[in-house]
Amino acid sequence: MNNLPTPAEDHRIVAIAVDDLTTSESVVDWAAQNYLQPTDVALLINAHPGPSPLSHHNPSYAAQSNSLAHAAQRHSRATLAHLERRLRGTGTRAEVRVMALAGEAKCAIVDAAERVGASVLIVGSRDLGKMSRMVLGSVSQYCMRHCYCPVIVVKPPPDKVEAH
């Protein structure tokens with residue numbers, strides 16, 4: 001992570017939160033078509049679960065937890081590589097970078113956007129029903145409430161909306 005973009009007068013850092021759902025492809029496409037400028041740095045951010053804090057108390061659990069965390073990290077990097085290729089394939093002239101983070105998605109995304117000095121954060125919405133939002137929470141809602149910069153929420157196209 002020593003290659004993080006830094007804010008400058010000549011470019012904006014556009015943080016784009018992605019996961020492995022097909023709605024992330026829509027978010028990347030929307031950003032390329034509607035928001036990104038040639039002088040921007042597009043930073044694709046993906047958060048994945050890290051090792052469990054309980055692993056410090058049980059060595060056998062620690063090995064399993066670390067194995068799962070490594071698998072999640074590999075999956076995160078593969079997701080980012082796919083979406084980086086997709087974004088570059090749109091013909092955008094913005095510089096594209098990626099960031100894989102361990103931790104709870106909503107907190108990791110907000111922290112990363114602040115740490116890099118993002119001008120804006122673009123997130124997707126799975127358009128969950130009221131009950132799902134109440135039980136699962138909403139990453140996009142959390143980001144809107146806690147992020148210091150403006151947040152753009154991209155709704156999924158009608159054919160990608162999850163059933164409620």
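- Listed here is the closest heavy atom pair of Val110 and Cys147: CG1-CA, 4.0 Å.
- Shortest non-hydrogen contact noted between Val123 and Ser140 is CG2-CB, 3.7 Å.
- Expressed to the nearest 0.5 Å, how far CD of Glu114 lies from CG of Leu121 amounts to 12.0 Å.
- Between His11 and Val41, the closest heavy-atom pair is CD2-CG2, 3.6 Å.
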Would Thr79 and Asp19 count as a side-chain contact (heavy atoms from CB on, under 4.5 Å) here? Give the steps. CA-CA 7 Å; Thr79 297; Asp19 56 23; 5.9 Å; no
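- Remark: His48 NE2 to His70 NE2 distance equals 10.5 Å, nearest 0.5 Å.
- Formation of a donor-acceptor pair under 3.5 Å by the Asn46 side chain with backbone atoms of Ala100 is not found in this model.
- Between Ala105 and Val139, the closest heavy-atom pair is CB-CG2, 4.4 Å.
- Residues passing the side chain to side chain contact (heavy atoms under 4.5 Å, CB included) test with Asp29 are Gln33, Arg86, Thr90, sequence neighbours excluded.
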Would Leu101 and Arg115 satisfy side-chain contact (heavy atoms from CB on, under 4.5 Å), going step by step from the backbone distance to the final call? CA-CA 12 Å; Leu101 304 168; Arg115 191 168 62 243; 3.8 Å; yes
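- Closest approach of Ala118 to Cys149, counting heavy atoms only: O-CB, 3.5 Å.
- Residues forming a side chain to side chain donor-acceptor pair (under 3.5 Å) with Glu84 (at least two apart in sequence, or on another chain): Arg88.
- None of Ile122, Leu83, Val153 except one satisfies the side chain to side chain contact (heavy atoms under 4.5 Å, CB included) rule with Val27; the exception is Ile122.
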After noting the C-alpha distance and the side-chain angles of Leu87 and Leu44, does the key distance pass the side-chain contact (heavy atoms from CB on, under 4.5 Å) rule? CA-CA 9 Å; Leu87 182 54; Leu44 299 174; 4.3 Å; yes
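- Nearest heavy atom pair, residue Val14 against residue Tyr35, reads CG2-CE2, 3.9 Å.
- Scored by the ring pair (Phe, Tyr, Trp, His ring centres under 6.0 Å) test, Tyr142 finds His146 as partners (sequence neighbours excluded).
- To the nearest 0.5 angstrom, Ser119 atom OG is 6.5 Å from Arg12 atom CZ.
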